[in-house]
Enquirer: 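Structure incoming, see below.
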There are 2 protein chains.
Amino acid sequence: MPQARTSTPRERYRTQVRAEIKEHAWEQIATAGASALSLNAIAKRMGMSGPALYRYFDGRDELITELIRDAYRSQADTLRAAAGAGADLAGLAHALRAWALADPQRYFLIFGTPVPGYHAPDDITEIAAETMAVILDACAARPSSDGVDGAFDAHLDTHRQWAGERPVPAPVLHRALSFWSRLHGVLSLELAGQFTGMGFDPALLFEAELKDLLGP
Amino acid sequence: MPQARTSTPRERYRTQVRAEIKEHAWEQIATAGASALSLNAIAKRMGMSGPALYRYFDGRDELITELIRDAYRSQADTLRAAAGAGADLAGLAHALRAWALADPQRYFLIFGTPVPGYHAPDDITEIAAETMAVILDACAARPSSDGVDGAFDAHLDTHRQWAGERPVPAPVLHRALSFWSRLHGVLSLELAGQFTGMGFDPALLFEAELKDLLGP
DNA sequence: CACTTTGGTTAGAAGCTATCACGAACATTA
DNA sequence: TAATGTTCGTGATAGCTTCTAACCAAAGTG
């Protein structure tokens, strides 16, 4: 059990209110999108008047940054939990898809349209690296041909600092990037509704891409 | 030559002003993103006061819808031009990438974060279908095994209304969807800056994905 | 020349973010 | 217990946004 002595009643209240604010923010984002997030609306729905929220967040940007942080953390936790439960690459893919479908706007908060001026804080890129680490480990666990066969593999062999200290062969790095980008391709198009009206089942396209990814 | 008699001076003025408004809108979108598009700022930069723009567009939504329409048209024209110049699937891929890199925010206007309430007008989906038609034709021009090999191919064989009347075999439909989703995967991640700081060249990942797509 | 349509203006309503100054509740210390 | 300091919430205000309404002038039309 964590030591509860260092948390004064005021701190507890503060963190509780912050959590409640984020709760309402998520609800609002899920229904109207991140661009329609209104501090005023959140405040009124919580029974207090506008400027009160500025006691808890420096402004709209800081709130959104915090939500982005939580989204990254949620994604990393989900994949880590799946990997911890013994999931292989296919299992990770399904976990990722379920996580994305559970809240599409949360997915787009991470992978959606970038705001030209915005630069994510360093700790966020660290959390993103954790997600990548889970994928990399799952890729390394799969048998693969060790030969460096393509120009990209040769390039990756000398540009691998994003993989940290892991001594994985270049084809594994390649597989991880393909895994990420292909699943993101299907998922983002599906979540954005680009497949609606086309008449086929996006889940089957996802499975087909995954099968091709893991296949021969 | 089109008959110029049906265009009165007033109509010419009107379309010219509309074009100028869209010009400024694109500039603003490219630098600050679509969410930061301000009718007021456009008006002031054009030397007239705010509400004047409402003579030309019903509101912000209609302007953005018009920009989205232009973006789709630009994409379709680009791909059609490439196909007309004899480009194969690889050529189309490179044309698409160049088009996306030329204006990332234009790409995200089409494929970026969807606004929950928004539904595109019918003519926009028609233009999107034109783009798909170009890709489908290029896919059909490639030699491919005719056997229906996967569950998804079987599914596509009975859910193919999105391909119109084209009598292409299911594997070709499958190839077109993979082409679209995989290239979108790499492109959107690159344009969103998800690869920055990782140290490898996104162009080479794009080439690797393309090669795998066209390969054996 | 008179009349209608069109383009532009200013004024204003309603909404948003964000800052400021003040009062009230709470916590801590003398 | 009393005094002091910190934190929370308020209303007022500035400045921005979209968008409507009322009005005026200019351009085209009978």
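Residue numbers begin at 1 in each chain, while the letters A, B, ... track the order of the sequences.
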Enquirer: Reading DNA chain C from 5' onward, which residue's closest nucleotide shows up sooner: A:Lys44 or A:Pro51?
Expert: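 Per heavy-atom nearest nucleotide, the more 5' residue is A:Lys44.
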Enquirer: With under 30° as parallel and over 60° as perpendicular, where do the rings of B:Phe152 and B:His174 fit, or are they tilted in between?
Expert: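 It falls in the perpendicular class, over 60°.
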Enquirer: Reckon B:Leu37 touches a base, only the sugar-phosphate, or nothing at all at heavy-atom distances under 4.0 Å?
Expert: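 The answer is sugar-phosphate, as B:Leu37 gets under 4.0 Å only of primed atoms, P, OP1 or OP2.
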Enquirer: Heavy atoms under 4.0 Å, any strand shown: does A:Phe57 hit a base, just sugar-phosphate, or nothing?
Expert: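 Touches nothing.
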Enquirer: CZ of B:Arg60 versus P of D:dT20: gap in Å, rounded?
Expert: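 Taking atom P of D:dT20 as the reference, CZ of B:Arg60 is at 14 Å.
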Enquirer: Can you tell me if the side-chain N/O atoms of B:Asn40 get under 4.0 Å from OP1 or OP2 in D:dC16?
Expert: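 Answer is no, no contact under 4.0 Å.
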Enquirer: To the side chain of A:Ser49, which of D:dC8, D:dC19, D:dG11 is closest?
Expert: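 For the A:Ser49 side chain, the nearest candidate turns out to be D:dG11.
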Enquirer: Counting distance only, does the side-chain N/O of B:His155 pair as donor-acceptor with the main-chain N or O of A:Asp201 below 3.5 Å?
Expert: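 Confirmed, B:His155 side chain pairs with A:Asp201 backbone.
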Enquirer: Charged N to carboxylate O below 4.0 Å: is that the case for A:Glu130 and A:Arg73?
Expert: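 Result for this pair is no, no salt bridge flagged.
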Enquirer: Please determine whether a side-chain nitrogen or oxygen atom of B:Tyr13 lies at a distance below 4.0 Å from atom OP1 or OP2 of D:dA26.
Expert: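 Indeed not, no polar side-chain atom of B:Tyr13 lies that close.
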Enquirer: Please find the earliest and latest nucleotides of DNA chain C, in the 5' to 3' direction, that have an atom within less than 4.0 Å of any heavy atom of chain B.
Expert: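 From 5' to 3', the first and last contacting nucleotides are C:dT5 to C:dA11.
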Enquirer: Determine whether any donor atom in the side chain of B:Arg10 lies under 3.5 Å from an acceptor atom in the base of D:dG28, or the reverse, and answer yes or no.
Expert: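 Under the 3.5 Å cut-off, the side chain and the base do not form any donor-acceptor pair.
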Enquirer: How many whole angstroms separate atom OH of B:Tyr54 from atom P of D:dA22?
Expert: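 Atom-to-atom, B:Tyr54 to D:dA22, this comes out as 17 Å.
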Enquirer: Using modelled atom types and a 3.5 Å cut-off, is there a donor and acceptor pairing between side-chain atoms of A:Arg60 and backbone atoms of A:Leu37?
Expert: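 The answer is yes, because a donor-acceptor pair under 3.5 Å joins these two groups.
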Enquirer: Taking A:Gln194 for its side chain and B:Ile110 for its backbone only, find out whether a donor-acceptor pair lies under 3.5 Å.
Expert: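 Yes; judged by distance alone, with no hydrogens or angles, the pair exists.
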Enquirer: What integer distance in Å separates B:Arg55:CZ from D:dC19:C1'?
Expert: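 Result: 13 Å.
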Enquirer: Pair up each side-chain donor or acceptor in residues 91-103 of chain B with any protein partner under 3.5 Å, not counting sequence neighbours, and list the distances.
Expert:
residue  : atom : partner  : partner atom : Å
B:His94  : ND1  : B:Ala90  : O            : 3.1
B:His94  : NE2  : B:Glu207 : OE1          : 3.2
B:His94  : NE2  : B:Glu207 : OE2          : 2.7
B:Arg97  : NH1  : B:Glu190 : OE1          : 2.6
B:Arg97  : NH1  : B:Glu190 : OE2          : 3.4
B:Trp99  : NE1  : B:Ser74  : OG           : 2.7
B:Asp103 : OD1  : B:Gln105 : N            : 3.4
B:Asp103 : OD1  : B:Arg106 : N            : 3.3

Enquirer: Is any side-chain N or O of A:Arg14 closer than 4.0 Å to OP1 or OP2 of D:dT7?
Expert: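 So the side chain of A:Arg14 is outside the cut-off, no N or O lying under 4.0 Å from OP1 or OP2 of D:dT7.
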Enquirer: Drop me the distance from B:Leu189's CG to B:Phe195's CZ, to the nearest 0.5 angstrom.
Expert: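 Reported to 0.5 Å precision, the distance equals 4.5 Å.
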Enquirer: Could you state the atom-to-atom distance from CE of A:Met48 to P of D:dG9 in whole Å?
Expert: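 Whole-Å distance recorded here is 5 Å.
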Enquirer: Indicate whether OP1 or OP2 belonging to D:dC16 is found under 4.0 Å from a side-chain N or O atom of B:Ser38.
Expert: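 For D:dC16, OP1/OP2 do not have a side-chain N/O of B:Ser38 under 4.0 Å.
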